*Asks:* 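Quick one: structure below, then a few questions.
Computed from a predicted structure; not experimentally measured. FYI, side chains are in, hydrogens and waters are out, and symmetry mates aren't considered; it's all heavy atoms of this structure. Each ligand, and each atom within it, is numbered from 1 in the order the structure gives.
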Amino acid sequence: MTITSLRRQLLAGEKTPAAILGKLAGEISSRDTGKTGAYLSYDLESALSEAANADLSLPLGGIPIAIKDNINVLGQPCTCGSKFLEKFISPYDATVVRKLRAAGAIPFGRMNQDEFAMGSSTENSALMVTRNPRDPSRVPGGSSGGSAAAVADLTAIASLGSDTGGSIRQPASHCGVVGLKPSYGRVSRYGLVAFASSLDQIGPLAQTVEDAALILQAISGADPQDSTSLDAPVPDFLSGLNDGVKGLKLGIPKEYFGEGIDPGVRRNVEAAIQSLASQGAEIVEISLPHTEHAVAAYYVIAPAEASSNLSRFDGIRYGHRAGNASDILDLYQKSREQGFGPEVKRRIILGTYVLSSGYYDAYYTKAQQARALIRRDFENAFQQVDAILSPVAPTPARKIGGISDDPLQEYLSDIFTIAANLAGIPGISIPCGTVDFDGGKNLPVGLQILGPHLGEAQLLRVAKAAEIS
Ligand code: GLN
């Protein structure tokens, strides 16, 4: 079910795009609906009409790709996992969707997520529960939980997610699939509903590193509609994929292997490092001394930006509008009170607080200073090494409902993924064996590989070597 193998079958005439869609629809009704719950919705009819015109000569010709529900697809719902946008229908295609179509792919399916991408378990979706296909009593991770669960459950071939602080890499890790967060600026965010604009990136989730590279190839590049997208050359991400790691220097940040990591996760990640060493990579211990401030800085900056971005949901311009409001202020307040869930409200209040006069310097400016130090840590590290290896998350997936009343505990679990967003560098999560954890058996573990800004080609090459090892 990889893109590469399906492409071969499509070109050989052994399959048709319509048959692939029909098969997926069957798998969704037997395994997803009422069970895994990765799909918020899907529109088979419109996908089939696109399939009828699919150009198989294109790189993703005839391949259905599932889309996280915060990325606009013309004529499809775009709920962001929120009651606010439950009935919203997209009036346009996001640039990534336009580019997928231009590469021959067929957007198919709207994937569940934490509301407005705020969370690490998909439990913050206001619309539906998504289960981890490897153990249905557990969360799939988040916030792109639906995008990861469907790929793991083989109800999607590949998908797009968004990653602001780990939301592609962490669910990929928990579900045992590949998830890639590109460099800041590599992929246009036009048409992605903004959470934290200085951190958000769109990227692929897939069965294999090669499939992730194929999708990245299709969606990368400058976009006049997103001024933060970079006018940098897009290399061929596939040509060097099998070049191996011989002669490359791989950094192990000592701060990433401290207390709090599950021993099984540590064991698996260390085994992957050993395997890369045996393929000829040089393993170097490095230091990222400001990592300890990453979670605190992120949970100031991301809510600050979210509080500003989400001000557009006012009951007038988009989505939910409260009835019987007495005046305009009452309309704003009632619409937002009814439309947003508790985690979104918490972030808006937190973000408004850290931006307010008297607190701005103490929190927001301080967080930006920490961010600069974290970015410099990586710049120094990449003077010495070609890529950095670490776990994706301190533990495998936890039980559904296991979230404590203490959101800080949940925020701390983002420790390994957040720094890459603060620094704007690319990161990938690839499957790294399984472990038993907290009563669960054979739960997937993810290896994270980080690369320098715009260094995706080399990152994918390391990932490919780690994947086959
Ligand atoms: N878990 C992080 C948060 O809750 C990251 C979310 C994301 O990457 N969208 O903010």
*Asks:* Could you tabulate the donor-acceptor pairs under 3.5 Å formed by side-chain atoms of residues 382-390, not counting sequence neighbours?
*Replies:*
{"unit_1": "D386", "atom_1": "OD2", "unit_2": "K249", "atom_2": "N", "d": "2.7"}
{"unit_1": "S390", "atom_1": "OG", "unit_2": "Q448", "atom_2": "NE2", "d": "3.1"}

*Asks:* Can you list the atoms of ligand 1 that are under 4.0 Å from a heavy atom of G119?
*Replies:*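 Here the atoms of ligand 1 in question are 1 (N), 2 (C), 3 (C), 4 (O), 6 (C).
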
*Asks:* Applying a heavy-atom cut-off of 4.0 Å, say which part of F116 lies close to ligand 1: side chain, backbone, both or neither.
*Replies:*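 For F116, there is no contact with ligand 1 at all, from either part.
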
*Asks:* Just which atoms of ligand 1 are under 4.0 Å from any heavy atom in A117?
*Replies:*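 Listed by number with element: 6 (C), 7 (C), 9 (N).
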
*Asks:* Does even one non-hydrogen atom of Y411 get within less than 4.0 Å of ligand 1?
*Replies:*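 The answer is no: ligand 1 sits nowhere under 4.0 Å from a heavy atom of Y411.
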
*Asks:* Which ligand 1 atoms, with their elements, are less than 4.0 angstrom from a heavy-atom of Y299?
*Replies:*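 In order of number, 1 (N), 2 (C), 3 (C), 4 (O), 10 (O).
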
*Asks:* Out of Q201, R347, E343, who is nearest to atom 4 (O) of ligand 1 when you count heavy atoms only?
*Replies:* R347

*Asks:* With heavy atoms of M118 as the reference, note each atom of ligand 1 found under 4.0 Å away.
*Replies:* 4 (O)

*Asks:* Please could you name the atoms of ligand 1 that S120 approaches to less than 4.0 Å, counting only its heavy atoms?
*Replies:* 1 (N)

*Asks:* For the side-chain contact (heavy atoms from CB on, under 4.5 Å) test, which of L216, I430, L205, D163 pairs with L180?
*Replies:*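 Of the listed options, the one satisfying the test is L216.
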
*Asks:* Can you check which of S144, S167, A306, G165 brings a heavy atom nearest to atom 6 (C) of ligand 1?
*Replies:* S167

*Asks:* Under 3.5 Å between any N/O of S162 and any N/O of ligand 1: does that happen in this structure?
*Replies:* no

*Asks:* Side chain or backbone of D414 under 4.0 Å from ligand 1, or both, or neither, by non-hydrogen atoms?
*Replies:* side chain

*Asks:* Please identify which atoms of ligand 1 are closer than 4.0 Å to at least one heavy atom of Y298.
*Replies:* 2 (C), 3 (C), 5 (C), 6 (C), 10 (O)

*Asks:* Would the Y353 and Y360 ring centres measure less than 6.0 Å apart?
*Replies:* no

*Asks:* Is any side-chain heavy atom of R138 less than 4.5 Å from a side-chain heavy atom of D135?
*Replies:*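 The answer is yes, as the side chains (C-beta and beyond) meet within the 4.5 Å cut-off.
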
*Asks:* Report yes or no: does a heavy atom of S143 sit under 4.0 Å from some atom of ligand 1?
*Replies:* yes

*Asks:* For ligand 1, which atoms sit closer than 4.0 Å to a heavy atom of F195?
*Replies:* 9 (N), 10 (O)

*Asks:* Tell me, with the steps shown, if E379 and R375 meet salt bridge (Lys or Arg N to Asp or Glu O under 4.0 Å).
*Replies:* CA-CA 6 Å; E379 282 164 9; R375 184 179 297 140; 5.3 Å; no

*Asks:* Is R398 paired with E410 through a side-chain N to carboxylate O contact shorter than 4.0 Å?
*Replies:* yes

*Asks:* Do E343 and R346 sit within salt-bridge range, that is, some charged N less than 4.0 Å from a carboxylate O?
*Replies:* yes

*Asks:* Do R31 and D153 sit within salt-bridge range, that is, some charged N less than 4.0 Å from a carboxylate O?
*Replies:*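 Salt bridge between R31 and D153, a charged N being under 4.0 Å from a carboxylate O: yes.
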
*Asks:* Going by heavy atoms in the side chains, are I157 and L24 under 4.5 Å from each other?
*Replies:* yes

